[in-house]
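Take a look at the structure below.
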Amino acid sequence: MKTVLQTNFNGIDGLTITDTAKPVLTDNGVLIKMAVLPISPTDWKLESDTHATDEQQDKLPRIIGFQGTGTVVSVGKNRDQSLLDQRVLVINPAGVYSEFVLNENPDWMYPLPANVSDESAAALSAGTAWTLKQQIDQSKAANIVITGANSVIGLTLLQMLADESRPIYPIVTAASKPYFIEQMPRLTPYTLDEHPTISGSSIVLDIVGRLDMLTTLEKQLSQPEIVSIALMQAPTLNNFIFVHDEFNADRYRLFIKQLSEGKLTALINRIFPIEQVKKKHSTLLKKPTAVAGFW
């Protein structure tokens with residue numbers, strides 16, 4: 001089966017598409033034929049940083065990706081047989097960028113309602129967005145600045161901030177402005193060069209992971225809090241922390257329910273063939289956008 005492996009920590013060039021053995025169904029297992037896989041900031045950083053997450057992900061080669069959607073094609077004798085042929089969202093710390101994934105933990109697999117597409121569920125970045133929202137809720141800063149606001153995570157976070165009374169300043173690239181305005185017409189996006197003068201304290205939610213961008217923002221703002229999901233260390237920045245979302249099965253079930261009820265939307269800009277994964281990783285590092293890959 002086709003599998004996307006990371007073979008070194010030298011960046012994107014360390015990714016390779018190779019043939020690996022199909023997982024063997026176990027009594028407690030469910031075999032899933034994968035359909036849609038998202039690209040996540042965690043994968044971008046793990047391509048060059050062994051410490052990009054709290055998990056032990058430094059053993060190579062490793063299969064990239066942590067979640068994706070597909071269809072159950074085989075069910076072990078100790079699992080619910082009604083799962084056969086169901087579409088599911090699966091979480092797998094050992095990687096999901098394979099044609100087939102074996103799930104042996106029921107808390108890591110979620111059947112999808114008929115009105116929730118594979119693409120929407122795969123691109124569901126609500127766990128990470130929720131982690132950032134918690135940081136915002138805990139902050140007393142007067143202003144909210146979000147880098148990579150046009151990304152899936154950024155757009156999901158902004159949906160969660162619909163009732164937020166504090167001013168929000170989305171930072172996007174010039175090329176992504178039209179897309180952002182289409183998705184979030186109530187907000188005014190800014191490029192880094194266009195960023196207005198802000199009075200009062202600010203919290204910066206960083207989804208991009210570019211130290212040069214954060215350095216510029218730190219100079220523009222008054223001693224901002226900087227919270228990053230993409231940059232683990234930034235010793236040159238003051239008041240900087242790295243956060244990583246913690247897995248919560250009940251929260252994933254809630255987010256899928258919200259997708260089904262239209263209370264949350266996974267906004268996807270482009271879908272591309274898996275063979276283009278290296279090219280798209282390179283593109284996203286330069287210009288974050290809403291993209292999911294598929295088999």
Side-chain angles (χ1 to χ4, degrees), residues 4-15 38-67 91-97 125-139 141 144-154 156-157 171 173 192 202-219 221 223-248 251 277-278 280-289 291:
V4 180
L5 294 176
Q6 176 186 343
T7 60
N8 59 48
F9 292 105
N10 297 328
I12 298 162
D13 288 338
L15 297 182
I39 289 180
S40 74
T42 299
D43 277 314
W44 309 342
K45 306 315 287 185
L46 277 172
E47 290 163 8
S48 57
D49 183 356
T50 61
H51 305 293
T53 72
D54 293 333
E55 292 86 13
Q56 296 298 315
Q57 295 289 339
D58 58 348
K59 294 182 179 180
L60 299 179
R62 75 172 188 93
I63 302 172
I64 69 170
F66 294 89
Q67 71 179 47
I91 311 296
N92 189 31
V96 293
Y97 266 69
S125 301
T128 304
W130 181 263
T131 297
L132 292 175
K133 185 179 184 300
Q134 287 180 308
Q135 294 293 318
I136 292 171
D137 291 344
Q138 294 167 13
S139 173
I144 299 167
V145 179
I146 302 173
T147 73
N150 56 296
S151 66
V152 172
I153 295 171
T156 303
L157 174 60
I171 306 297
T173 62
L192 189 60
S202 300
I203 181 171
V204 177
L205 292 309
D206 172 48
I207 299 170
V208 177
R210 279 180 45 193
L211 181 58
D212 60 332
M213 177 182 290
L214 296 178
T215 300
T216 299
L217 285 170
E218 185 180 49
K219 293 176 181 177
L221 303 171
Q223 299 181 330
E225 306 170 44
I226 301 177
V227 179
S228 180
I229 61 163
L231 194 64
M232 188 168 184
Q233 297 179 348
T236 60
L237 299 176
N238 297 307
N239 203 12
F240 170 91
I241 63 168
F242 167 81
V243 295
H244 186 266
D245 56 304
E246 296 183 3
F247 174 77
N248 184 304
R251 195 170 294 150
V277 64
K278 288 177 69 171
K280 295 306 178 182
H281 269 229
S282 176
T283 300
L284 287 174
L285 285 170
K286 297 173 183 175
K287 185 180 69 174
T289 186
V291 179

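Keep in mind that what you see is a predicted model, and the values were worked out from it rather than measured.
Judged by distance alone, the side chain of Glu218 and the main-chain N or O of Gln223 form no donor-acceptor pair under 3.5 Å. Looking at Ser139, its side chain never comes within 3.5 Å of a backbone N or O of Gln135 through a donor-acceptor pair.
Taken to the nearest 0.5 Å, the CZ atom of Arg210 stands 10.0 Å off from the CG atom of Leu217. Rounding to the nearest 0.5 Å places CG of Leu132 at 8.5 Å from CD1 of Ile203. The CG atom of Asn150 lies 8.5 Å from the CD1 atom of Ile207; values are rounded to the nearest 0.5 Å.
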Ile64/Arg62 under side-chain contact (heavy atoms from CB on, under 4.5 Å): CA gap, chis, key distance, verdict | CA-CA 6 Å; Ile64 69 170; Arg62 75 172 188 93; 4.1 Å; yes
List the steps and the verdict of side-chain contact (heavy atoms from CB on, under 4.5 Å) for Asp212 and Thr216.
-> CA-CA 6 Å; Asp212 60 332; Thr216 299; 5.6 Å; no
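Asn239 pairs by the side-chain contact (heavy atoms from CB on, under 4.5 Å) definition with Glu225, not counting sequence neighbours. By the side-chain hydrogen bond (donor to acceptor under 3.5 Å, both in side chains) test, Ser202 pairs with no residue at all, sequence neighbours left out. By the side-chain hydrogen bond (donor to acceptor under 3.5 Å, both in side chains) test, Asp137 pairs with Lys133, sequence neighbours left out.
The two atoms that bring Phe240 and Leu231 nearest to each other are CZ-O, 3.0 Å, heavy atoms only. Minimum interatomic distance between Arg251 and Asn248 (heavy atoms only, all atoms of both residues): N-OD1, 2.8 Å. Shown here for Ala129 and Thr156, the closest heavy-atom pair between the two residues is CB-CG2, 3.8 Å.
The side chain to side chain contact (heavy atoms under 4.5 Å, CB included) with Ile229 is formed by just one residue from the set Ile153, Asp206, Thr131; it is Ile153.
In this structure, the side chains of Val204 and Thr147 come closer than 4.5 Å at one or more pairs of heavy atoms. The side-chain heavy atoms of Val145 and Ile171, taken from C-beta on, include a pair separated by under 4.5 Å. Leu237 has its side chain within reach of Thr215: a pair of non-hydrogen atoms, C-beta onward, lies under 4.5 Å apart. In this structure, Val96 and Ile91 have side chains that are not in contact, with every pair of non-hydrogen atoms separated by 4.5 Å or more. Looking at heavy atoms from C-beta onward, Leu157 lies in side-chain contact with Ile146 at the 4.5 angstrom threshold.
Legend: salt bridge (charged side-chain N to carboxylate O under 4.0 Å, His left out) pairs involving residues 228-240, not counting sequence neighbours: none detected.
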